[in-house]
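Below: one structure, written as structure tokens.
Bear in mind that the values here come from a model prediction, so they are computed numbers and not experimental data. Heavy atoms only: backbone and side chains are in, while hydrogens, waters and symmetry mates are out.
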Amino acid sequence: MADQAIVRANEQTLTVPDAPEARSLLEVIAKAAANPLVDVEKMKELLAMHERISAGQRQTAFMAAMARLVPKLPYIPQKGSINIPGQPQRKYAKLEDLDRAIRPVIAKEGFSLSFDTAPLEGQKIRVTCRLSHEEGHCETKQIDLPIDQSGSKNATQAVVSTVSYGRRTLTKMFFNLVEVGEDDDAI
């Protein structure tokens, strides 16, 4: 009986072939579901167990890919600048420079990024980033930001500027990216 799975239902024993016909837990569940003697609650437990196992496998694949990816990620140059009269020029990494530097590297490990926004009360916006892996696991980070009213932006430009800042920040957070010259504001 080593090659068979046994499911007890209503004091009767149902034997489901395990190998070579049923090669996965899902196949065993599918065969058992076809039998009217199988307890529906036990089927639900088996399906929940399968989902937990699958989720764990997807998360493990995600973490393994991240471990391979991190050492390959570059430092990001600060090619953008903010010029406000009477203040020192501030430099930052542009979104396109971040994307250009990391997209090919993250794609090789099966990762992709997607973003969303939602308006909040008090002239704020929530920017959300989802990092997805080809195996099906994903993680989400979000940041709530005040709408950028600096400079001479109109209302639309202020929102776009805020979203761009949020996307840059969340991308850097997910991959622990460092901008060249980023830590120059210490006293």
Side-chain angles (χ1 to χ4, degrees), residues 48-187:
M49 180 175 61
H50 178 265
E51 180 52 37
R52 285 191 305 275
I53 290 168
S54 296
Q57 291 169 336
R58 291 189 300 267
Q59 185 177 25
T60 298
F62 178 99
M63 292 185 309
M66 186 64 84
R68 289 187 304 270
L69 173 70
V70 169
K72 300 173 189 171
L73 293 170
Y75 289 97
I76 309 299
Q78 293 182 328
K79 295 182 180 177
S81 64
I82 300 170
N83 298 308
I84 300 173
Q87 295 184 15
Q89 182 184 39
R90 291 184 281 171
K91 298 189 81 52
Y92 66 96
K94 293 179 173 183
L95 183 56
E96 63 260 27
D97 293 331
L98 277 171
D99 187 70
R100 189 177 297 114
I102 70 167
R103 184 185 297 249
V105 182
I106 69 173
K108 283 182 183 175
E109 287 296 342
F111 288 108
S112 64
L113 291 169
S114 60
F115 297 89
D116 202 359
T117 61
L120 301 174
E121 289 184 28
Q123 292 294 303
K124 291 185 177 185
I125 190 163
R126 173 170 292 153
V127 181
T128 304
C129 177
R130 172 175 273 189
L131 176 63
S132 300
H133 188 254
E134 66 189 358
E135 293 291 324
H137 182 76
C138 65
E139 294 186 5
T140 302
K141 293 185 186 301
Q142 65 185 32
I143 187 170
D144 296 343
L145 300 166
I147 302 293
D148 178 12
Q149 302 292 335
S150 67
S152 59
K153 299 176 191 76
N154 65 36
T156 302
Q157 291 168 329
V159 169
V160 171
S161 174
T162 304
V163 170
S164 178
Y165 180 85
R167 289 178 64 191
R168 288 192 318 267
T169 301
L170 291 168
T171 299
K172 288 171 33 179
M173 287 173 63
F174 259 121
F175 298 111
N176 194 27
L177 296 174
V178 177
E179 295 179 25
V180 176
E182 180 175 23
D183 194 15
D184 64 356
D185 61 348
I187 296 177

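- Looking at residues two or more places apart in sequence or on another chain, you find a salt bridge (Lys or Arg N to Asp or Glu O under 4.0 Å) between Arg100 and Asp97.
- Side chains of Phe175 and Leu98 form no contact here, defined as non-hydrogen atoms less than 4.5 Å apart.
- Rounded to the nearest 0.5 angstrom, Thr140 OG1 and Leu170 CG are separated by 10.0 Å.
- Among residue pairs with one or both ends in residues 140-160, none qualify as ring-ring contact (aromatic ring centres under 6.0 Å, His included); sequence neighbours excluded.
- Legend: salt bridge (charged side-chain N to carboxylate O under 4.0 Å, His left out) pairs involving residues 112-135, not counting sequence neighbours, sorted by first then second residue: Arg126-Asp144.
- Evaluation of the side-chain hydrogen bond (donor to acceptor under 3.5 Å, both in side chains) rule for Arg168 yields Ser164 as partners, not counting sequence neighbours.
- Judged as a side-chain hydrogen bond (donor to acceptor under 3.5 Å, both in side chains), and not counting sequence neighbours, the contacts of Glu139 are His137.
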Begin with the C-alpha distance, continue with both residues' side-chain angles, and end with the deciding distance and a verdict on side-chain contact (heavy atoms from CB on, under 4.5 Å) for Gln123 and Gln149.
CA-CA 10 Å; Gln123 292 294 303; Gln149 302 292 335; 3.8 Å; yes
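- Applying the salt bridge (charged side-chain N to carboxylate O under 4.0 Å, His left out) test to pairs two or more places apart or on separate chains, those with a residue in residues 151-165 are Asp148-Lys153.
- Val105 and Leu73 make their closest contact through CG1-CD2, 4.2 Å (heavy atoms, listed as atom of the first residue, atom of the second, distance).
- Enclosure of atom OH in Tyr165 is not indicated, since only 12 or fewer non-hydrogen atoms of other residues, nucleotides or ligands lie within 6.0 angstrom.
- Applying the side-chain contact (heavy atoms from CB on, under 4.5 Å) rule to Asn176 yields no partners; only residues at least two apart in sequence or on another chain are considered.
- Between the side chain of Thr171 and the main chain of Arg167, a donor-acceptor pair closer than 3.5 Å is present.
- Atom CD1 of Ile102 and atom CZ of Phe111 lie 11.0 Å apart (nearest 0.5 Å).
- For the atom pair CD1 of Ile125 and OG1 of Thr117, the computed distance is 4.5 Å after rounding to the nearest 0.5 Å.
- In this structure, SG in Cys138 is found 11.5 Å from CG in Leu113, a value given to the nearest 0.5 Å.
- Residues Lys91 and Glu179 are not paired through a salt bridge, judged by the lack of any N-O separation under 4.0 Å between the basic side chain and the carboxylate.
- With rounding to the nearest 0.5 Å, the separation of CG in Leu131 from OG in Ser112 is 7.0 Å.
- Sorted by first then second residue, the ring-ring contact (aromatic ring centres under 6.0 Å, His included) pairs that include residues 72-91, not counting sequence neighbours, number zero.
- Taking CD1 from Ile76 and NZ from Lys172, the interatomic distance works out to 9.0 Å, rounded to the nearest 0.5 Å.
- For Lys108, the NZ atom sits in a loose shell: 12 or fewer heavy atoms of surrounding residues, nucleotides or ligands are nearer than 6.0 Å.
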When the side chains of residues 58-70 are checked against the rest of the protein, which donor-acceptor pairs come out under 3.5 Å, sequence neighbours left out?
residue: Arg58; atom: NH2; partner: Glu51; partner atom: OE2; Å: 2.8
residue: Thr60; atom: OG1; partner: Gly56; partner atom: O; Å: 2.9
residue: Arg68; atom: NE; partner: Glu109; partner atom: OE1; Å: 2.9
residue: Arg68; atom: NE; partner: Glu109; partner atom: OE2; Å: 3.3
residue: Arg68; atom: NH2; partner: Glu109; partner atom: OE1; Å: 2.8

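- For Lys79, the salt bridge (Lys or Arg N to Asp or Glu O under 4.0 Å) criterion is met by no residue, not counting sequence neighbours.
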